[in-house]
Undergrad: 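What follows is a structure written as structure tokens; I'll ask about it next.
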Amino acid sequence: MSALLFYILGFIMLAATLLCITRRNPVHAVIYLVASFFALAIMFYLLGAPLVAAFEVIVYAGAIMVLFLFIIMMLGLAPQETPEGPGWKRWGPLVLLSSSLMICTLMLIFQDPAASKEIGAFYLAPQAVGEALFGRYALAVEVISFQLLFATIGAYMLGKPLSKGDQ
Amino acid sequence: MMIPFGHALAFAAALFVLGLTCVLLRRQVIMILVGVEIMLNAASLVFVASSAYWQQVDGQIFAIMLMAITAAEVAVALAMVVYLWRRKRTLVADVFNGMRG
């Protein structure tokens with residue numbers, strides 16, 4: 001049952017992502033991406049990661065994508081990508097590149113004997129994740145907190161008004 | 001979960017290739033960033049699936065760290081998007097082709 005659900009969610013995720021990358025309007029694209037992230041969050045839950053699933057919804061869909069939407073709406077971005085010349089000249093090489101990369105990756109995955117082994121039943125309570133995160137990985141958490149601080153400072157510096165010569 | 005490990009990896013690979021296609025195909029800077037997000041999500045799917053396959057906590061830890069790093073990246077990148085918009089009033093990546101110190 002949960003295996004069937006996993007495949008259904010996987011295809012929902014891929015379909016939503018495909019719709020996302022082909023939309024002209026950035027707002028529609030971001031909404032499709034949120035749908036894709038919700039499917040991915042339930043996949044995480046099925047893989048025994050309830051905390052990561054919750055963070056996927058809260059942080060990715062709830063914060064990061066809303067930030068994208070906020071910026072798109074603040075700048076008033078219209079669907080403005082008009083392709084020049086015949087579409088297939090842009091699409092063709094890309095689709096060829098992507099599909100060959102995809103085929104190579106799938107061959108690489110499925111030639112490994114570990115690929116056919118099943119993922120066993122696994123469920124990790126948030127408590128165990130928290131203990132590992134603030135026990136063994138405490139230094140990494142500190143480094144990431146520094147990184148978030150530097151990112152905040154960087155965003156502040158970039159957000160300052162432009163000097164006269166740059167306008 | 002009774003699915004083979006390879007199928008979870010195949011979903012992640014498909015998601016990654018879709019993200020890469022988005023980065024290479026789209027010209028708006030915002031959509032390029034969306035492609036980067038898709039690729040990072042594919043990476044976190046690999047981490048979580050590996051965590052379940054080896055029955056270890058570490059994969060989930062790295063997925064959480066990846067989320068924190070992505071939040072930092074998005075903060076800086078969207079600040080840059082606003083900066084580029086104020087500079088040239090457009091977000092088409094082809095326009096930004098000059099450097100000045």
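Labels below follow one simple rule: chain letters A, B, ... track the order of the sequence lines, proteins then strands, and each chain is numbered from 1. Side-chain atoms are counted along with the backbone in the values below, which use heavy atoms only and exclude waters and symmetry mates.
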Undergrad: Side chain, backbone, both or neither: which part of A/L97 has an atom under 4.5 Å from a heavy atom of chain B?
TA: side chain
Undergrad: Going from CZ on A/F55 to CG on B/L66, what distance comes out if it is rounded to the nearest 0.5 angstrom?
TA: 13.5 Å
Undergrad: What part of B/L20 is in contact with chain A, defined as an atom under 4.5 angstrom from a non-hydrogen atom: side chain, backbone, both or neither?
TA: side chain
Undergrad: So for A/M157, is it side chain, backbone, both, or neither that comes closer than 4.5 Å to the heavy atoms of chain B?
TA: neither
Undergrad: Heavy-atom distances under 4.5 Å only: say whether A/I144 touches chain B with side chain, backbone, both or neither.
TA: side chain
Undergrad: Using the ring-ring contact (aromatic ring centres under 6.0 Å, His included) rule, collect all pairs that involve residues 26-51 of chain B, keeping only residues at least two apart or in two chains.
TA: B/F47-B/F62
Undergrad: Between chain B and each of A/S116, A/G154, A/A114, count heavy-atom pairs under 4.5 Å; write down the option with the most.
TA: A/A114
Undergrad: Is A/I8 reachable from A/L19 through a run of I, L, V, M, F, W or Y residues, each pair having side-chain heavy atoms under 4.5 Å apart?
TA: no
Undergrad: Specify which of A/F70, A/Y123, A/F11 makes the most heavy-atom pairs with chain B at under 4.5 Å.
TA: A/F11
Undergrad: Hey, does B/S44 have a side-chain heavy atom less than 4.5 Å from the side chain of A/V52?
TA: no
Undergrad: Kindly indicate whether the side chain of B/L25, heavy atoms from C-beta on, has any atom under 4.5 Å from the side chain of A/T22.
TA: no
Undergrad: Consider only side-chain heavy atoms of I, L, V, M, F, W and Y, link residues closer than 4.5 Å, and tell whether A/M74 and B/W85 are in one cluster.
TA: yes
Undergrad: Assess whether side-chain contact (heavy atoms from CB on, under 4.5 Å) is satisfied between A/M13 and B/L15, documenting all intermediate values.
TA: CA-CA 8 Å; A/M13 176 189 77; B/L15 194 61; 3.9 Å; yes
Undergrad: Can you tell which part of A/L40 gets under 4.5 Å to a heavy atom of chain B, answering side chain, backbone, both or neither?
TA: side chain
Undergrad: Which heavy atom in A/A128 sits nearest to a heavy atom in B/V57, and how many Å separate them?
TA: O-CG2, 4.3 Å
Undergrad: Do you know the tightest heavy-atom contact between B/I3 and A/A3?
TA: CG2-CB, 3.5 Å
Undergrad: Please report the interatomic distance CZ(A/R136) to CD1(B/I61), rounded to the nearest 0.5 Å.
TA: 7.0 Å
Undergrad: Indicate yes or no: at least one non-hydrogen side-chain atom of A/F68 is less than 4.5 angstrom from one of B/V74.
TA: yes
Undergrad: Can you see which heavy atom on B/R86 is nearest to which on A/P161, and at what distance?
TA: NH1-CA, 4.1 Å
Undergrad: Using non-hydrogen atoms and a 4.5 Å limit, figure out which bit of A/A49 sits close to chain B: side chain, backbone, both or neither.
TA: both
Undergrad: Where do A/M102 and B/V17 come nearest, in terms of heavy atoms and distance?
TA: SD-CG2, 3.8 Å
Undergrad: Kindly work out whether a path of hydrophobic side-chain contacts (I/L/V/M/F/W/Y, heavy atoms less than 4.5 Å apart) joins A/I71 to A/Y32.
TA: no
Undergrad: Taking all non-hydrogen atoms of both residues into account, name the closest pair between A/A155 and B/A75 and its distance.
TA: CB-O, 4.0 Å
Undergrad: May I ask you to decide if B/A68's main-chain N or O and A/Q147's side chain share a donor-acceptor pair within less than 3.5 Å?
TA: no
Undergrad: Need one label for A/F150: side chain, backbone, both or neither, based on atoms under 4.5 Å from any heavy atom in chain B.
TA: neither
Undergrad: Select one option (side chain, backbone, both, neither) describing which atoms of A/S145 are under 4.5 Å from chain B's heavy atoms.
TA: neither
Undergrad: Using side-chain contact (heavy atoms from CB on, under 4.5 Å), reason through A/L18 and B/L18 one step at a time and then give a plain yes or no.
TA: CA-CA 7 Å; A/L18 191 65; B/L18 282 176; 3.5 Å; yes
Undergrad: Atom CD1 of B/I30 and atom CG of A/L69: how far apart are they, to the nearest 0.5 Å?
TA: 9.5 Å
Undergrad: Per the salt bridge (Lys or Arg N to Asp or Glu O under 4.0 Å) rule, what does the pair list look like for residues 32-54 of chain A, sequence neighbours excluded?
TA: none
Undergrad: Pick from A/V141, A/L106, A/T105, A/L67: which one has the most heavy-atom pairs with chain B under 4.5 Å?
TA: A/L67
Undergrad: To the nearest 0.5 angstrom, please state how far the CZ atom of A/R24 sits from the CD atom of B/Q28.
TA: 10.5 Å
Undergrad: Looking at every non-hydrogen atom in both residues, tell me the closest pair between B/A49 and A/I119 and how far apart they are.
TA: O-CD1, 4.4 Å
Undergrad: For the residue pair B/Y53 and A/L47, establish whether any side-chain heavy-atom pair is separated by less than 4.5 Å.
TA: no
Undergrad: So A/I64 and B/T70, do their side chains get closer than 4.5 Å, heavy atoms only?
TA: yes
Undergrad: When hydrophobic residues are tied together by side-chain contacts of less than 4.5 Å, even through go-betweens, does A/I153 share a cluster with B/V81?
TA: no
Undergrad: Which of the residues B/A52, B/S51, B/G19, B/A71 is involved in the greatest number of heavy-atom pairs with chain A at under 4.5 angstrom?
TA: B/A52
Undergrad: For B/L9 and A/F110, run side-chain contact (heavy atoms from CB on, under 4.5 Å): C-alpha distance rounded to whole Å, both residues' side-chain angles, the deciding distance at 0.1 Å, then the answer.
TA: CA-CA 9 Å; B/L9 289 185; A/F110 285 110; over 6 Å; no
Undergrad: Identify whether B/W54 and A/L124 are in the same connected component of the hydrophobic contact network (ILVMFWY, side-chain heavy atoms under 4.5 Å).
TA: yes
Undergrad: Heavy-atom cut-off 4.5 Å, strictly under: side chain, backbone, both or neither for A/L51 against chain B?
TA: side chain
Undergrad: In sequence, state the C-alpha distance, the side-chain angles, and the governing distance for A/Y60 and B/M67, and then conclude on side-chain contact (heavy atoms from CB on, under 4.5 Å).
TA: CA-CA 8 Å; A/Y60 260 112; B/M67 268 175 215; 3.4 Å; yes
Undergrad: So which part of B/I38 gets closer than 4.5 Å to some heavy atom of chain A, the side chain, the backbone, both or neither?
TA: side chain
Undergrad: Any idea how B/F11 and A/Y7 line up, ring-wise: parallel (<30°), tilted (30 to 60°), or perpendicular (>60°)?
TA: tilted
Undergrad: Roughly how far, to the nearest 0.5 Å, is CD of A/E56 from CG of B/N41?
TA: 4.5 Å
Undergrad: Check each atom of A/L94 against the heavy atoms of chain B and say whether the ones under 4.5 Å are side chain, backbone, both or neither.
TA: side chain
Undergrad: When rounded to the nearest 0.5 angstrom, what is the spacing between OG1 in B/T21 and CD1 in A/I21?
TA: 5.0 Å
Undergrad: Strictly under 6.0 Å, is that where the ring centroids of A/F6 and B/H7 end up?
TA: no
Undergrad: Taking B/M65, B/Q55, B/K88 one by one, which has the highest count of heavy-atom pairs under 4.5 Å against chain A?
TA: B/Q55
